[in-house]
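Read the structure below first, then the notes.
Just so it is clear: chains get the letters A, B, ... in the order the sequence lines come, proteins before strands, and each one is counted from 1. Given the structure is predicted, the values throughout are model-derived calculations rather than measurements.
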Number of protein chains: 2
Amino acid sequence: MPIKKVLIVDDDSNICELLRLYLEKDGFKTVIANDGESAVNMFNTEEPDIILLDIMLPKLDGWQVCRAIRKLSDVPIIMLTAKGETFDKILGLDLGADDYVTKPFDSKEVVARVKAVLRRTSGNDENVEKIVKYDKLVINLTNYELIVDGVAIDTPPKELELIYHLASNPNKVYSRNQLLDEVWGFEYYGGSRTVDVHIKRLREKLENVSDQWTIKTVCRVGYKFEIKQS
Amino acid sequence: MPIKKVLIVDDDSNICELLRLYLEKDGFKTVIANDGESAVNMFNTEEPDIILLDIMLPKLDGWQVCRAIRKLSDVPIIMLTAKGETFDKILGLDLGADDYVTKPFDSKEVVARVKAVLRRTSGNDENVEKIVKYDKLVINLTNYELIVDGVAIDTPPKELELIYHLASNPNKVYSRNQLLDEVWGFEYYGGSRTVDVHIKRLREKLENVSDQWTIKTVCRVGYKFEIKQS
DNA sequence: ACAGTTTTTTAATAATTTATTCATATATTT
DNA sequence: AAATATATGAATAAATTATTAAAAAACTGT
């Protein structure tokens, strides 16, 4: 999952910094604009993945900004609205915002909204089928299926994620720690030998499946999904 | 993947040891400073890749240290803050910290943060293909492959790293000690003759591969990957 | 919340691979 | 030629991985 960039637009720099803080704590990159004009400019130069947009702004107000950006792009926009504003006024006006939060807001909630909006709009991550195929092997991470020669093989999720990760970058050697970070996640804490065991089980399942590829050990370094030259 | 060095700054040596334990279990090198002054000194002498910095410190407090270091470098800094501190106070003051954790913290989480910060700050050299080519020889350190005339030759990692290192700077002479430092790593303790043996095995594998280059001994000095003029 | 089931992790040890040392032959420098 | 340095081959040591079984953790359906 690539890091997402959030464009924060608000004339109150305390709010900007607060949002930035929470968002960056959550792994987002952030850029900040303090007025409507620079918001549009930064949208063009920074190419953010999502925009948090205040309505009350100098130079161009949030609505104008929203409209201007909508002409250029379908980037998700979350409006930051004053308490009094009504829904219809915000979303119903066909401005094309994707969500809104009312001030004063809870920063955590804003982050949650950002994630939610990204989840449902980013067509790339969750809506694209995560499938890798090599010869008689199909690894389908959308359905969590491992298919060998057309036959589904019952495979625990970690194993599947592991082989998917390896096969997604064929020939690249991954160290155990790299695999733990990238497949298990940063939070994982425990020995790295568990990778070996998962590899072993995968090999059991995939033995003699194909002579086009193999799960190869690179001693002292790690493992790779190797595609044999012909 | 080069080993990263973490500078831990805290006056409570229990905390330092705890962090050290977890970080080293995860493959990081660590150095420890117990007050602000030595923190700045150690930053200069040890050149860490990332700093864990407590705020309450003798001599110089964490903010002063942070500011001092920021004048010298963009090294990532994670602040260790007491529970009460407010966010804005920490990041809003433009101290330039990259992240923070509040005490009491979960050591695992700190390690996770360190990794996360390193990942987003370090100029992702992970995705760069490490490949060197000369004539019929391809040394691929991403896949850990040595390819001669299109055929992969099974090669142990040290040998591969050695030839990669030499071939990355053709014609440059490396002393054995230099090679031990740069390929084996500073931790290595042992005789330097082992370099000879590795060179020998590489020559076996690469004999007559090409008349464009050769692994040359420079008597009393070291070795070089020499490219012949035409 | 519980008992049964599956998955994941740990731990121990056997097997393998890689790295280092050592002894000696060969080569280079002075 | 003497002294110093390197090449080579074999033996040893060290480190890493495979495999197995068992324990722990995470799930499942009730």
Side-chain angles (χ1 to χ4, degrees), chain A residues 141 144-146 152-166 173-185 187-207 214-226, chain B residues 1 3 25-27 108 141 144-146 152-166 173-208 214-226:
Chain A
L141 211 58
Y144 272 81
E145 280 180 333
L146 184 75
I153 303 216
D154 215 25
T155 309
K158 272 271 144 60
E159 272 174 52
L160 202 74
E161 288 159 13
L162 177 58
I163 187 65
Y164 179 83
H165 200 78
L166 289 170
V173 181
Y174 290 89
S175 74
R176 289 178 182 71
N177 279 323
Q178 233 173 325
L179 291 170
L180 289 174
D181 282 353
E182 292 166 18
V183 177
W184 273 252
E187 320 75 36
Y188 174 82
Y189 208 66
S192 66
R193 311 314 299 169
T194 195
V195 175
D196 303 29
V197 179
H198 280 85
I199 291 284
K200 187 206 170 258
R201 298 205 180 120
L202 280 168
R203 281 176 172 153
E204 271 171 6
K205 292 190 176 73
L206 300 175
E207 212 170 50
T214 180
I215 302 172
K216 189 161 180 178
T217 305
V218 180
C219 196
R220 303 190 135 217
V221 186
Y223 297 96
K224 67 175 162 178
F225 184 90
E226 187 180 65
Chain B
M1 13 105 234
I3 294 169
K25 184 171 176 194
D26 239 87
K108 291 178 213 169
L141 214 57
Y144 271 81
E145 280 178 332
L146 184 75
I153 303 214
D154 218 26
T155 309
K158 272 269 145 61
E159 273 174 51
L160 202 74
E161 288 158 10
L162 176 58
I163 187 65
Y164 179 83
H165 200 79
L166 289 170
V173 183
Y174 289 90
S175 73
R176 288 178 182 72
N177 280 323
Q178 230 173 328
L179 291 170
L180 287 174
D181 282 352
E182 293 165 16
V183 178
W184 271 251
F186 290 111
E187 326 63 47
Y188 176 81
Y189 270 93
S192 68
R193 313 314 299 169
T194 194
V195 175
D196 303 28
V197 179
H198 280 86
I199 291 284
K200 183 214 168 247
R201 296 199 183 129
L202 279 168
R203 282 176 171 153
E204 270 172 7
K205 291 190 176 76
L206 301 176
E207 213 169 50
N208 304 326
T214 180
I215 301 173
K216 190 160 183 178
T217 305
V218 181
C219 197
R220 300 177 139 250
V221 186
Y223 298 96
K224 68 173 164 178
F225 184 90
E226 188 180 65

Length of the CD1-C1' vector between B:I199 and C:dT20, whole Å: 15 Å
Distance, rounded to the nearest Å, where A:E161 contributes CD and C:dT9 contributes P: 10 Å
When you compare the protein's N or O atoms with those of nucleotides 27-30 of chain C, which come within less than 3.5 Å of each other, and at what distance?
none

Sugar-phosphate, base or nothing in reach of A:V195, heavy atoms under 4.0 Å: nothing
Phosphate OP1/OP2 of D:dA7 contacted by B:T217 side-chain N/O (<4.0 Å): yes
Of the listed nucleotides D:dT17, C:dT9, D:dA7, the one nearest the side chain of B:R203: D:dA7
Rounded distance (Å) that lies between atom P of C:dT8 and atom NE2 of A:H198: 5 Å
Gap separating the CD atom of B:E161 from the OH atom of B:Y144, nearest 0.5 angstrom: 4.0 Å
Pairwise distance NZ(B:K158) to NE2(B:H198) - rounded to 0.5 angstrom: 6.5 Å
Straight-line distance of B:L162 CG to B:I199 CD1, nearest 0.5 Å: 4.5 Å
Between C1' of C:dT7 and CG of A:L202, the distance in whole Å: 13 Å
Interatomic distance where CG belongs to B:D196 and P belongs to C:dA19 [whole Å]: 15 Å
Residue pair A:L180 / A:G191: nearest heavy atoms and the distance that separates them: CD1-O, 4.3 Å
Nucleic acid contacts - residues 182-189 of chain B versus DNA chain C, non-hydrogen atoms under 4.0 Å: B:W184, B:Y188
A:Y223 vs D:dA18: side-chain N/O to OP1/OP2 distance below 4.0 Å: yes
Atom pair CH2/CZ of B:W184 and B:R176 - distance to nearest 0.5 Å: 11.0 Å
For nucleotides 9-11 of chain D, tabulate all protein N/O to nucleotide N/O atom pairs closer than 3.5 Å, reporting atom names and distance.
residue, atom, partner, partner atom, Å
D:dG9, OP2, B:K200, NZ, 3.2

Residues A:D196, A:T217; criterion side chain to side chain contact (heavy atoms under 4.5 Å, CB included); working and verdict: CA-CA 10 Å; A:D196 303 29; A:T217 305; over 6 Å; no
Pairwise distance CD1(B:I215) to CZ(B:F225) - rounded to 0.5 angstrom: 7.0 Å
Nucleotide C:dT20, atom C1' - distance to CD of B:E159 in whole Å: 13 Å
A:L206: which of A:T214, A:I163, A:T155 passes side chain to side chain contact (heavy atoms under 4.5 Å, CB included): A:I163
For A:E204, all residues meeting salt bridge (Lys or Arg N to Asp or Glu O under 4.0 Å), sequence neighbours excluded: A:K200
Exercise: identify the closest heavy-atom pair between A:V221 and B:P157: CG2-CB, 3.8 Å
Steps toward side chain to side chain contact (heavy atoms under 4.5 Å, CB included) verdict (A:Y188, A:V183): CA-CA 10 Å; A:Y188 174 82; A:V183 177; over 6 Å; no
End axis versus end axis in the helix from C:dA1-D:dT30 to C:dT30-D:dA1, the angle rounded to 10°, five pairs used at each terminus: 60°
Length of the line joining A:D154:CG and C:dT5:C1', which is rounded to integer Å: 13 Å
Length of the CZ-C1' vector between A:R193 and D:dA18, whole Å: 9 Å
Check against salt bridge (Lys or Arg N to Asp or Glu O under 4.0 Å), B:D154 and B:K205: CA-CA 9 Å; B:D154 218 26; B:K205 291 190 176 76; over 6 Å; no
Partners meeting salt bridge (Lys or Arg N to Asp or Glu O under 4.0 Å) with B:E226 (sequence neighbours left out): B:K216, B:K224
Inter-residue atom distance A:L202.CG - A:I153.CD1, 0.5 Å rounding: 10.5 Å
